[in-house]
Number of protein chains: 2
Amino acid sequence: MNRESNMINDEQAVEIFKALSNQIRVNILQMLKEPNNNFSPQAHVIKEKGFDGGVCVSDIRSKVGLSQSTTSQYLSILLQSGLVEMKRIGQWTYYRRNEETIKQFEKYIGLKI
Amino acid sequence: MNRESNMINDEQAVEIFKALSNQIRVNILQMLKEPNNNFSPQAHVIKEKGFDGGVCVSDIRSKVGLSQSTTSQYLSILLQSGLVEMKRIGQWTYYRRNEETIKQFEKYIGLKI
DNA sequence: TTGATAATTTGCAATATCTCTATATTATTT
DNA sequence: AAATAATATAGAGATATTGCAAATTATCAA
């Protein structure tokens, strides 16, 4: 697949800046860098099922200390921006970083900012 | 001077993300990348006086199409974040990019995001 | 000193964001 | 089918952002 096609545009970049213009959302993204170090051993961190490193909403919620609904909403803002991706398995929704978007975002900063 | 000391922290980074969470402010920063290409020849782009590339508020205003007061306010948000620096010469205030902060911001993205 | 030009600050209305509680939805278990 | 658990959505009040016009401050020129 053509690598150029992954380059994010100005509009997407502003969406990402908005997503990151909140300390707690930045914290969430940072925590998800190392799920196994940042969440308790009994947390639902996926190791199989093809979504390695995914963490469920309630485990993220207990780390950030916000209400369940705010946590859910913040995760959907991160999802909309493309910085994370999610997969629903049973009654759980697992979120993990979308490293491809993050890489393209870094590239955007270097070239366009 | 110690390079480490220039590393921006999470709080500063969020300030920068806020500053960039607006398309027009991103545009201003992008325009200031190449002042001589992006502003009319008669624009007040500094070439001497030790602030090369600085552009005055009214020239920026006529490019972005916002009111004078909004333009001024947006520039002060960019200034607060550290992404630009300013110098007043006579009745004009010249703004230019702060490449050092931008470089440290890029570094932050790569290491911390 | 008076008037013109440049920029900042202030005040305002419209819209957006933050964060909560309450409720709805979806999936599991009994 | 009903109870339980995880997540999402709706709605509300407080706060922040957007962008303007008008007032204020600073500088220059005559």
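Throughout, protein chains are lettered first and strands after them, A, B, ... in sequence-line order, and every chain is numbered starting at 1.
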Provide, to the nearest angstrom, the distance between the CG atom belonging to B:Asp59 and the C1' atom belonging to C:dT5.
13 Å
Nucleotide of D:dT18, C:dT17, C:dC20 approaching B:Tyr74 most closely (side-chain heavy atoms)
D:dT18
For residues A:Tyr108 and A:Asn9, is any side-chain donor paired with an opposing acceptor at under 3.5 Å?
no
Between CG of A:Leu75 and P of D:dA6 the distance, given in whole Å, is 16 Å
Return the nearest nucleotide to the side chain of B:Trp92; candidates are C:dA7, D:dA8, D:dG19.
C:dA7
Rounding to an integer number of Å, can you tell me how far A:Gln91 CD sits from D:dA6 P?
7 Å
Starting from C1' on C:dT8, measure out to CG on B:Leu66 and report it in whole angstrom.
16 Å
Residue-phosphate contact under 4.0 Å: A:Asn22 side-chain N/O, C:dT17 OP1/OP2
no
Whole angstroms only, please: what is the CD1-P distance between B:Ile28 and D:dT18?
12 Å
So B:Ile60 and B:Phe39, side-chain contact (heavy atoms from CB on, under 4.5 Å) or not? Walk me through it.
CA-CA 8 Å; B:Ile60 295 168; B:Phe39 296 90; 4.1 Å; yes
What nucleic acid atoms does B:Arg61 come within less than 4.0 Å of, heavy atoms only: base, sugar-phosphate, or nothing?
nothing
Looking across every strand, which nucleic acid part, if any, lies under 4.0 Å from A:Tyr95 by heavy atom: base, sugar-phosphate, or nothing?
sugar-phosphate
Could you say whether A:Arg25 or B:Ser72 is positioned toward the 5' end of DNA chain C, judged by the nucleotide with the nearest heavy atom to each?
B:Ser72
Which of these nucleotides, D:dG19, C:dA27, C:dT19, is closest to any side-chain atom of A:Gln73?
C:dT19
Within the 3.5 Å criterion, strictly below it, is a donor on A:Ser72 or A:Ser69 matched to an acceptor on the partner's side chain?
no
Looking at every strand, decide which applies to B:Ser76 at a 4.0 Å heavy-atom threshold: base, sugar-phosphate, or nothing.
nothing
Given atom CD1 of A:Ile24 and atom C1' of C:dC20, what is their separation to the nearest angstrom?
13 Å
Under 4.0 Å, heavy atoms only, any strand: does B:Thr93 hit a base, just the sugar-phosphate, or nothing?
sugar-phosphate
Any A:Arg88 side-chain N or O less than 4.0 Å from OP1/OP2 of D:dA8:
no
Let me know the distance between NZ of A:Lys87 and P of D:dT7, rounded to the nearest Å.
16 Å
Could you please name the option among D:dT7, D:dT9, C:dC18 that lies closest to any side-chain atom of A:Ser69?
D:dT9
Looking at the side chain of A:Gln68, which of D:dA8, D:dT17, C:dT17 is the nearest nucleotide?
D:dA8
Are OP1 or OP2 of D:dG19 and a side-chain N or O of B:Thr70 less than 4.0 angstrom apart?
no
Would you confirm whether the ring centroid of A:Phe51 sits within less than 6.0 angstrom of the ring centroid of A:Tyr95?
no
Whether B:Glu100 and B:Lys103 form a salt bridge (side-chain N of Lys/Arg under 4.0 Å from carboxylate O of Asp/Glu) is what I want to check.
yes
For A:Lys18 and D:dT18, give me the distance from atom NZ to atom C1', rounded to whole Å.
11 Å
Identify which one of A:Asn22, A:Leu29, A:Asn27 satisfies the side chain to side chain contact (heavy atoms under 4.5 Å, CB included) criterion when paired with A:Arg25.
A:Asn22
Check every strand shown and say whether A:Ser58 touches a base, only sugar-phosphate, or nothing at a heavy-atom separation below 4.0 Å.
sugar-phosphate
